[in-house]
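Heads up, the thing below is written out as structure tokens.
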There are 2 protein chains.
Amino acid sequence: MTIKLSNTNQRRVIIEELKKLTSHPTADELYEIVKERLPKISLGTVYRNLEQLSAAGLIWKLELSGSQNRFDGNVEKHFHKRCPNCGAVEDIEYHAFAEADRHLTNACQNYAIEGYTLEFRGLCYCCQSS
Amino acid sequence: MTIKLSNTNQRRVIIEELKKLTSHPTADELYEIVKERLPKISLGTVYRNLEQLSAAGLIWKLELSGSQNRFDGNVEKHFHKRCPNCGAVEDIEYHAFAEADRHLTNACQNYAIEGYTLEFRGLCYCCQSS
DNA sequence: TTAAAAAGTGATAATGATTATTAAATTTTA
DNA sequence: TAAAATTTAATAATCATTATCACTTTTTAA
Ligand SMILES: [Mn+2]
Ligand SMILES: [Mn+2]
Ligand SMILES: [Zn+2]
Ligand SMILES: [Zn+2]
């Protein structure tokens with residue numbers, strides 16, 4: 001049942017560059033970065049691979065509400081905070097909200113709910129000091 | 001500071017029809033409904049008014065992750081569940097998750113977080129029985 | 001090892017949701 | 001009631017994403 005992916009150079013570079021970043025880039029932001037190593041790569045290839053890699057569980061596709069999709073090389077359980085001013089997306093350590101998560105999951109038991117998506121809003125460091 | 005909106009017939013009908021529904025329609029779905037009363041109305045007018053009405057706090061704009069925006073005539077505090085199979089959006093009564101909400105809000109205090117967005121995933125009634 | 005089959009690529013076109021533009025109409029202001 | 005402000009309908013433009021397709025690369029399995 002595991003998805004099988006060919007070993008192409010493009011795929012290798014895409015996942016490698018994504019995993020270097022903590023910025024949760026959009027497909028086109030990552031495209032610009034990958035292009036430095038693979039100048040002939042096309043944006044469609046980046047989109048296609050990000051889609052496949054997230055389907056395979058190797059990366060995360062962040063479908064944040066009301067914004068362009070972003071991608072995350074860190075697949076450990078954690079949440080995100082988006083800055084309403086500049087749009088930056090930052091990690092929030094899971095442990096900070098672990099208890100709330102337990103309560104949410106428990107409340108879910110009584111309903112036909114499979115899971116939830118939770119995202120926070122708050123000014124990033126840059127936008128706080130300006 | 002309150003936003004002032006002119007009293008146009010289009011605006012009146014849009015909000016009136018939205019408030020009749022519990023289906024959280026998209027702009028184009030509501031457009032089809034409103035068109036029965038105002039056949040000459042344009043889709044752009046529906047988009048513009050939904051935007052203004054939600055900016056004024058008279059309705060809710062639901063920016064659900066990874067899907068077209070939907071609109072809600074019910075501005076009381078509540079959450080939503082989206083069916084991963086058919087895309088339907090249903091209400092979840094706030095009280096069911098009030099305790100979890102308290103925990104989330106408390107955890108937020110220690111961080112520069114202004115608020116959060118929470119949405120659930122689960123098969124709707126139709127999709128469960130098929 | 002090699003040839004057929006499968007998967008992936010790059011270039012580009014197409015799609016779909018939303019926003020912008022603009023002249024004309026309506027509503028508000030005073 | 002006339003000028004100012006807002007809104008409308010029609011339409012064009014934008015922007016993110018997906019689809020298409022001829023060609024190349026990778027995988028499979030004899
Ligand atoms: Mn992250
Ligand atoms: Mn609702
Ligand atoms: Zn910021
Ligand atoms: Zn369903």
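Naming: A, B, ... by sequence-line order, numbering from 1 per chain. Quick note: numbers below take in every heavy atom, side chains included, and nothing from hydrogens, waters or symmetry partners.
At the phosphate of D:dA10, neither OP1 nor OP2 sits under 4.0 Å from any side-chain N or O atom of B:Ser42. In terms of phosphate contacts, A:Asn69 brings no side-chain nitrogen or oxygen within less than 4.0 Å of OP1 or OP2 of D:dA16. One finds a side-chain N or O of B:Thr8 lying less than 4.0 angstrom from the OP1 or OP2 phosphate oxygen of D:dT8. For D:dT7, the OP1/OP2 oxygens have a side-chain nitrogen or oxygen of B:Gln52 closer than 4.0 Å. Contact check, A:Gln68 against D:dT17: a side-chain N or O comes under 4.0 Å of OP1 or OP2.
Between B:Gly44 and B:Gln10, the residue anchored nearer the 5' end of DNA chain D, judged by the nucleotide with its closest heavy atom, is B:Gln10. Heavy-atom nearest nucleotides on DNA chain C were determined for B:Asn7 and for A:Leu43, and the one closer to the 5' end corresponds to A:Leu43. Between A:Asn9 and B:Lys61, the residue anchored closer to the 5' end of DNA chain C is A:Asn9, taking for each the nucleotide with the nearest heavy atom.
In this structure, OH of B:Tyr47 is placed 16 Å from P of D:dT8, rounded to the nearest angstrom. We find that CD of A:Glu63 is positioned 12 Å from C1' of D:dT17, with the value rounded to whole Å. To the nearest angstrom, C1' of D:dT7 lies 16 Å from CD of B:Glu51. Distance A:Lys4 NZ to D:dT27 P: 9 Å, rounded to the nearest Å. The distance between atom CZ of A:Arg70 and atom C1' of D:dA16, rounded to the nearest whole Å, is 13 Å. Taking atom NZ on A:Lys40 and atom P on D:dC23, their separation rounds to 16 Å, with Å as the unit.
Distance CD1/B:Ile92 to NZ/B:Lys81: 6.0 Å, rounded to 0.5 Å. A distance of 12.5 Å separates CD1 of A:Ile14 from OH of A:Tyr47, quoted to the nearest 0.5 Å.
For the pair A:Glu17 and A:Lys20, the salt-bridge criterion is met [side-chain N within less than 4.0 Å of a carboxylate O]. Checked for salt-bridge contact, B:Lys77 and B:Asp101 meet the test: a charged N lies under 4.0 Å from a carboxylate O. Using a cutoff of 4.0 Å between basic side-chain nitrogens and carboxylate oxygens, B:Glu90 and B:Arg82 are not scored as salt-bridged.
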Given A:Asn106 and B:Glu99, is the side chain to side chain donor-acceptor pair (under 3.5 Å) satisfied, shown in steps? CA-CA 11 Å; A:Asn106 282 345; B:Glu99 191 176 334; over 6 Å; no

Go through it in stages, so that I can follow the logic: the residues are A:Glu32 and A:Lys35, the test is salt bridge (Lys or Arg N to Asp or Glu O under 4.0 Å), and I'd like the CA-CA distance, side-chain angles, deciding distance and then a yes or no. CA-CA 5 Å; A:Glu32 291 301 330; A:Lys35 224 171 17 174; 3.7 Å; yes

Pair B:Arg70-B:Glu29, salt bridge (Lys or Arg N to Asp or Glu O under 4.0 Å): steps then yes or no: CA-CA 9 Å; B:Arg70 294 180 169 270; B:Glu29 284 167 354; 3.6 Å; yes

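Although no hydrogens or angles enter the test, the distance criterion places a donor-acceptor pair under 3.5 Å between the side chain of B:Gln109 and the main chain of B:Thr105.
For B:Arg48, counting side-chain heavy atoms from C-beta on, the closest listed nucleotide (D:dT8, D:dA10, D:dT18) is D:dT8.
Interface limits on DNA chain C: the 5'-most and 3'-most nucleotides within less than 4.0 Å of chain A heavy atoms are C:dA7 to C:dA11.
Taking the six-membered ring for Trp and thresholds of 30 and 60 degrees, A:Phe79 and A:Phe97 have ring planes more than 60 degrees apart, a perpendicular arrangement.
Near DNA chain C, meaning a heavy atom under 4.0 Å away, there are no residues from residues 12-32 of chain A.
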